[in-house]
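For reference, the structure is listed below as structure tokens.
Each chain gets a letter, A, B and so on, in the order the sequences are listed, and its residues count up from 1.
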Amino acid sequence: MKFSTRLIKWYKNQNILMPWRGEKDLYKIWLSEVMLQQTQVKTVIPYYKNWINKFPNIKSAALASEKEILKAWEGLGYYSRARNFQHACKNIVSDYNGEIPLNEIEFLKLKGVGEYILSAVFSIGLGKKLPVIDGNVKRVISRYLGLTNEINSELKNIKSFLDIKIKDVKIPGDFNQAMMDLGRIVCKPKNPNCDICPININCVAFKQGLTQLIPIKLKKKQIPHYKMIIGIIQNNDKFLICKRNSDGLLGGMWELPGGKIKKQESNSTALNRVFSDFGISLKSNSYIGTANHIYSHFSIEQHGYQCDYIKGNLISKNHTEYKWISKGEEVLFPIHKASHKLLAKLKVNYT
DNA sequence: AATTCGTGGAG
DNA sequence: TCTCCAAGAAT
């Protein structure tokens with residue numbers, strides 16, 4: 001049997017169910033692929049279902065408020081995906097009469113649509129013979145062909161191999177999803193189950209015992225670590241939350257205000273300095289707790305302090321809106337994980 | 001071209 | 001605890 005025949009036979013036999021499998025609505029296929037970027041299937045499923053309930057089509061997504069969009073994405077990470085997806089939906093409503101462009105060049109112009117999304121949506125939704133290349137596929141093919149250069153310098157070899165293999169496939173979407181399922185379930189990063197792999201016969205890495213070495217990857221740089229003070233600024237029964245700038249890290253998300261602690265600086269000194277720079281004066285404070293959080297390129301250690309507000313309006317170049325809210329109201333706002341960790345400690349200690 | 005974008009799970 | 005990395009794209 002041929003490579004693709006073995007692969008697709010295995011795929012059909014697995015019959016793995018996902019909410020978007022078998023879906024024909026391009027909008028839903030597209031949404032699933034956006035959510036699945038750098039995110040595991042299991043994580044995406046509840047977010048996908050919730051999103052489809054709230055925004056069942058392009059128009060509803062385009063008409064939603066930014067707050068609703070980010071709230072539906074809260075906790076999923078890489079929030080620019082949500083903002084870009086809505087931007088693209090608005091673009092489709094205004095410039096494409098509400099219909100997703102079926103032309104590759106036009107679809108690629110949409111925000112958040114790259115080579116992967118194009119290939120995934122057009123192969124699964126339209127039957128186009130465009131191979132997808134994601135982390136799974138890179139791993140599977142680099143092992144299958146025994147590619148011993150750094151994985152990202154082998155992309156042309158991987159693509160030319162797939163371009164040939166997908167030509168004689170009847171259902172390109174199945175071929176692509178089979179490749180990704182195989183990488184996720186069998187050809188795993190560690191301890192691949194080569195014994196049950198449908199394409200192990202011609203796999204170079206398997207035959208030569210190289211599955212532990214391939215794919216070859218560069219070592220990641222160490223990420224910096226920062227200490228921060230975070231304020232739960234109390235004013236009567238309310239506390240302050242701030243909306244981050246729409247660009248950059250956690251764009252558009254709400255958070256508890258705070259800032260970095262300088263080296264050799266005490267927590268209380270940092271607390272006074274940061275909020276003095278924000279333009280608000282505080283009095284007595286009490287320690288709430290510490291919450292660590294790891295981002296992709298740095299990590300933080302948040303030291304939370306509950307403070308009593310005296311006067312001043314918070315002005316920060318990092319934020320565009322400020323709001324005093326009562327405890328419990330935070331569920332109405334899209335708030336990032338790091339702030340949620342401290343809010344959880346607030347509940348434990350002060351209810 | 002290298003960096004910047006979250007969060008959670010696996011081992 | 002530590003490291004890797006997941007249906008990548010934008011800058």
Side-chain angles (χ1 to χ4, degrees), chain A residues 11 16 18-21 23 28-48 70 73-85 87-88 107-125 130-140 150-153 155 162 173-185 187-192 212 215-225 244-253 255 291-300 334-341:
Chain A
Y11 172 71
I16 296 165
M18 298 177 194
W20 48 86
R21 282 258 157 106
E23 182 59 58
K28 295 178 184 174
I29 298 171
W30 176 21
L31 171 69
S32 74
E33 297 299 345
V34 174
M35 287 187 163
L36 285 162
Q37 283 178 47
Q38 302 292 287
T39 310
Q40 296 186 32
V41 171
K42 183 171 35 173
T43 304
V44 167
I45 290 174
Y47 282 91
Y48 173 84
L70 288 176
W73 211 272
E74 182 183 37
L76 197 53
Y78 286 151
Y79 298 97
S80 65
R81 292 181 294 174
R83 287 182 277 113
N84 287 342
F85 185 69
H87 182 99
F107 189 62
L108 257 182
K109 287 180 186 171
L110 298 169
K111 273 206 172 182
V113 177
E115 199 62 37
Y116 169 81
I117 298 258
L118 166 68
S119 302
V121 174
F122 276 46
S123 67
I124 297 169
L130 300 171
V132 298
I133 300 177
D134 74 329
N136 291 308
V137 176
K138 285 192 231 175
R139 186 171 57 254
V140 171
E150 196 276 325
I151 183 66
N152 289 308
S153 65
L155 287 184
L162 291 170
D174 283 357
F175 175 82
N176 282 333
Q177 293 182 88
M179 290 291 312
M180 294 189 282
D181 271 4
L182 187 71
R184 188 167 54 83
I185 297 164
C187 196
K188 298 176 294 182
K190 294 175 183 174
N191 306 320
Q212 306 292 334
I216 309 288
K217 293 197 158 188
L218 297 174
K219 285 182 182 172
K220 289 181 179 172
K221 288 191 299 185
Q222 267 200 328
I223 59 175
H225 179 75
R244 295 179 61 91
N245 294 340
S246 56
D247 292 332
L249 182 72
L250 304 166
M253 300 295 283
E255 67 183 3
N292 298 321
H293 192 68
I294 303 172
Y295 294 101
S296 45
H297 53 298
F298 65 94
S299 59
I300 57 172
I335 294 175
H336 61 67
K337 201 68 186 182
S339 280
H340 269 306
K341 287 180 179 176

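If you measure from atom CG of A:Leu130 to atom P of C:dG8, you get 17 Å, rounded to the nearest angstrom. Rounded to a whole Å, the NZ atom of A:Lys220 is 9 Å from the C1' atom of C:dT3. Between A:Gln37 atom CD and B:dG6 atom C1' the separation is 13 Å, expressed in whole Å. For the pair A:Leu218 CG and B:dT3 P, the interatomic distance rounds to 11 Å; values are reported in whole Å. Look at CZ on A:Arg81: it is 12 Å from P on C:dA7, rounded to the nearest Å. Taking atom CD1 of residue A:Ile29 and atom P of nucleotide C:dA7, one finds them 18 Å apart after rounding to whole Å. One can place CD1 of A:Ile294 at 11 Å from P of B:dG8, the figure rounded to the nearest angstrom. What separates CD of A:Gln212 from C1' of C:dC4 is a distance of 14 Å, to the nearest Å.
Separating the CD1 atom in A:Ile117 from the CG atom in A:Leu31 is a distance of 9.5 Å, to the nearest 0.5 Å. Here A:Phe175 contributes atom CZ and A:Leu130 contributes atom CG; the two are 12.0 Å apart, rounded to the nearest 0.5 Å. Rounding to the nearest 0.5 Å gives a distance of 6.0 Å between CE of A:Met35 and CG of A:Leu76.
Between A:Met180 and A:Val41, the closest side-chain pair of non-hydrogen atoms is not below 4.5 Å. Within the 4.5 Å cutoff, side-chain heavy atoms of A:Met253 are placed close to those of A:Leu70.
Using bins of under 30°, 30° to 60° and over 60° for the plane-to-plane angle, the ring pair A:His293/A:Tyr295 lands in the perpendicular bin.
When distances are taken from the side chain of A:Tyr295 to each of B:dT7, C:dG8, C:dA6, the shortest belongs to B:dT7. Among the nucleotides C:dA6, C:dA7, B:dC5, the one closest to the side chain of A:Leu249 is B:dC5. When the nucleotides B:dT7, C:dA9, C:dA6 are ranked by their closest atom to the side chain of A:Lys217, C:dA6 comes out on top. You'll find that the side chain of A:His293 is closest to B:dT7, out of B:dT7, B:dG9, B:dG6. Nearest nucleotide to the side chain of A:Thr39, out of B:dG6, B:dG8, C:dA7: B:dG6. The A:Met18 side chain lies nearest to C:dA7 when the options are B:dG6, C:dT3, C:dA7. Checking C:dA7, B:dT7, C:dA9 against the side-chain heavy atoms of A:Asp134 singles out C:dA7 as nearest.
When the nearest nucleotides of DNA chain C are assigned to A:Gln40 and A:Gly112 by heavy-atom distance, the more 5′-ward of the two goes with A:Gln40. Both A:Ser32 and A:Leu108 lie close to DNA chain C; mapped to their nearest nucleotides by heavy-atom distance, the more 5′-ward contact belongs to A:Ser32. Along DNA chain B, the nucleotide nearest A:Lys188 and the nucleotide nearest A:Thr43 are compared for position; the residue whose nucleotide lies closer to the 5' end is A:Thr43. When each of A:Ser296 and A:Lys190 is assigned the nucleotide of DNA chain B bearing its nearest heavy atom, the one mapping closer to the 5' terminus is A:Ser296.
At a cut-off of 3.5 angstrom, counting only N and O atoms as typed in the model, there is a donor on one side and an acceptor on the other between the side-chain of A:Tyr78 and the base of B:dG6.
Contact annotation: A:Lys138 side-chain N/O to C:dC5 OP1/OP2 distance is not under 4.0 Å. Residue A:Lys42 has a polar side-chain atom (N or O) positioned under 4.0 Å from OP1 or OP2 of B:dA10. Side-chain N/O atoms of A:His336 include none lying less than 4.0 angstrom from OP1 or OP2 on B:dG6.
No contact: A:Trp30 has no heavy atom under 4.0 Å from any strand. Across all strands, A:Gly248 comes closer than 4.0 Å only to sugar-phosphate atoms, never to a base (heavy-atom distances). Within 4.0 Å of A:Leu76, counting heavy atoms only, lies at least one base atom of the nucleic acid. As judged by a 4.0 angstrom heavy-atom cut-off over every strand, A:Lys221 is placed among residues touching the sugar-phosphate backbone only. Using a 4.0 Å heavy-atom cutoff across all strands shown, A:Gly75 reaches sugar-phosphate atoms only and no base atom. Within the nucleic acid shown, A:Arg21 comes within 4.0 Å of at least one base atom, counting heavy atoms only. Within the nucleic acid shown, A:Val113 comes within 4.0 Å of sugar-phosphate atoms alone, with no base atom in reach, counting heavy atoms only.
Rounded to whole Å, the P atom of B:dG11 lies 14 Å from the corresponding atom of C:dA7.
Note: A:Phe107 and A:Trp30 meet the aromatic proximity criterion, with ring centroids under 6.0 Å apart.
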